[in-house]
Asks: 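The structure follows.
Starting from 1, each residue takes its place in the sequence as its number. Everything quoted here is computed from the prediction, not taken from an experiment.
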Amino acid sequence: MVIQLGGGRPLHGSAVGKLIAAYNPDLEARALGASRLEQFTAFTLTNRDQLRVEYAAIRDQAYSISDGESVEGIIGLATPVIDASGTVIAAVHICAPRGRLAPDRRPMVLTQMLQTGVQISRQLGAPDDTLPDTTLDTVIASEERRASAS
């Protein structure tokens, strides 16, 4: 998949967009208050109540998943990068064809991504109390809840 650097992605339909919006109240309000949430694929969240629940889940689990929401057949994973003020300023992100990133492998990949985000955040001076404290077991549990809800 080719993503143009600096190109825009939707706050409601991409892993990075949902992650950044979930941690920024102004962006979350902007996404939820948009006059229309564009439907990029059949899987794009356009229901504001569902999107609100999704943003809360992202904050709870400290990662975001977009499963075909902006490009059909592509799964995106994003974890936060936090600066010295405790603000999420960027994301560790990967995307792959759905068949190349099986659901049973996602927890391991997400855990590694979370650890990478924590390492970057520490280099940026992020306060320890703002860093995700997520283990493989907690990611597995989150993914099991997510799978049972869908």
Side-chain angles (χ1 to χ4, degrees), residues 1-34 37-38 40 43-71 74-96 98 100-147 149-150:
M1 177 168 175
V2 176
I3 298 175
Q4 180 181 349
L5 288 178
R9 301 305 305 159
L11 291 174
H12 68 286
S14 67
V16 173
K18 290 191 301 182
L19 181 92
I20 297 296
Y23 282 98
N24 182 314
D26 292 336
L27 289 177
E28 181 176 356
R30 182 173 156 193
L32 292 172
L37 294 174
E38 188 173 348
F40 297 98
F43 305 105
T44 308
L45 286 177
T46 58
N47 178 293
R48 284 168 176 70
D49 292 333
Q50 291 174 338
L51 188 57
R52 191 174 287 108
V53 169
E54 176 80 358
Y55 287 148
I58 290 165
R59 287 187 295 272
D60 183 54
Q61 64 200 20
Y63 63 84
S64 176
I65 296 178
S66 171
D67 193 351
E69 294 171 49
S70 67
V71 179
I74 300 296
I75 186 163
L77 309 175
T79 61
V81 173
I82 301 165
D83 71 6
S85 72
T87 302
V88 174
I89 58 162
V92 175
H93 173 258
I94 65 163
C95 63
R98 184 180 292 122
R100 299 290 303 255
L101 188 56
D104 63 328
R105 293 188 57 214
R106 290 180 202 159
M108 179 193 64
V109 173
L110 282 162
T111 302
Q112 292 296 314
M113 291 172 65
L114 283 158
Q115 290 172 357
T116 300
V118 165
Q119 290 173 355
I120 295 167
S121 298
R122 283 196 171 119
Q123 290 177 4
L124 294 174
D128 283 340
D129 65 342
T130 64
L131 299 175
D133 184 24
T134 309
T135 66
L136 179 58
D137 289 338
T138 58
V139 174
I140 289 170
S142 291
E143 284 303 286
E144 287 172 351
R145 281 191 302 276
R146 199 170 80 77
S150 56

Asks: Taking the ring centre of each residue, are H12 and Y55 less than 6.0 Å apart?
Replies: no
Asks: I need the minimum non-hydrogen distance between H93 and A15, along with the two atoms involved.
Replies: CD2-CB, 4.2 Å
Asks: Once rounded to the nearest 0.5 Å, what's the spacing between atom CD of E54 and atom CD of E28?
Replies: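 Between E54 CD and E28 CD, I get 11.0 Å after rounding to 0.5 Å.
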Asks: Check Q115, M113, Q61 against T79 for a side-chain contact (heavy atoms from CB on, under 4.5 Å) and give me the one that passes.
Replies: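 So the option named by the test is M113.
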Asks: Just verifying a value: how many Å separate I82 CD1 and T130 OG1, rounded to the nearest 0.5 Å?
Replies: 4.5 Å
Asks: Can you tell me how far the CG atom of L77 sits from the CG atom of L19, to the nearest 0.5 Å?
Replies: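 If we round to the nearest 0.5 Å, L77:CG and L19:CG are 11.0 Å apart.
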Asks: The test is side chain to side chain donor-acceptor pair (under 3.5 Å); show your working for D83 and S85 and say whether it passes.
Replies: CA-CA 5 Å; D83 71 6; S85 72; 2.7 Å; yes
Asks: Grab the two heavy atoms, one from L27 and one from L11, that are nearest each other, plus how far apart they are.
Replies: O-CD1, 3.9 Å
Asks: In Å and rounded to the nearest 0.5 Å, what is the NZ to CD distance from K18 to E69?
Replies: 3.5 Å
Asks: Is D133 atom CG crowded by more than 12 heavy atoms from other residues, nucleotides or ligands, each under 6.0 Å away?
Replies: no
Asks: Do the non-hydrogen side-chain atoms of L136 and I140 ever get within less than 4.5 Å of each other?
Replies: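 Yes, their side chains come closer than 4.5 Å.
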Asks: Give, for atom OH of Y63 and atom CZ of R106, the distance between the pair rounded to the nearest 0.5 Å.
Replies: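 Separation between the atoms: 10.0 Å.
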Asks: Do you know which two heavy atoms are closest between I89 and I20, and how far apart they sit?
Replies: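 Taking I89 first and I20 second, the nearest heavy atoms are C-CD1, 4.5 Å.
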Asks: Step by step, work out the side-chain contact (heavy atoms from CB on, under 4.5 Å) result for N24 and R30.
Replies: CA-CA 10 Å; N24 182 314; R30 182 173 156 193; over 6 Å; no
Asks: Any idea which heavy atoms bring S66 and G13 closest together, and the distance?
Replies: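 Shortest heavy-atom contact: OG-O, 3.2 Å.
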Asks: Could you go through R52 and L32, starting from their C-alpha distance and side-chain angles, then the distance that decides it, and tell me whether this counts as side-chain contact (heavy atoms from CB on, under 4.5 Å)?
Replies: CA-CA 7 Å; R52 191 174 287 108; L32 292 172; 3.9 Å; yes
Asks: Under the salt bridge (charged side-chain N to carboxylate O under 4.0 Å, His left out) test, which residues partner D129, sequence neighbours left out?
Replies: none
Asks: Within a strict 4.5 Å, meaning less than it, do heavy atoms of the T134 and V118 side chains meet?
Replies: no
Asks: Which value, rounded to the nearest 0.5 Å, describes the distance between L45 atom CG and L51 atom CG?
Replies: 6.0 Å
Asks: More than 12 heavy atoms of other residues, nucleotides or ligands under 6.0 Å from CZ of R105: is that the case?
Replies: no
Asks: Take L110 and I65, measure what side-chain contact (heavy atoms from CB on, under 4.5 Å) needs, and give me the verdict at the end.
Replies: CA-CA 10 Å; L110 282 162; I65 296 178; 4.1 Å; yes
Asks: Show the nearest heavy-atom pair for residues P80 and A62, with the distance to one decimal.
Replies: CD-O, 3.1 Å
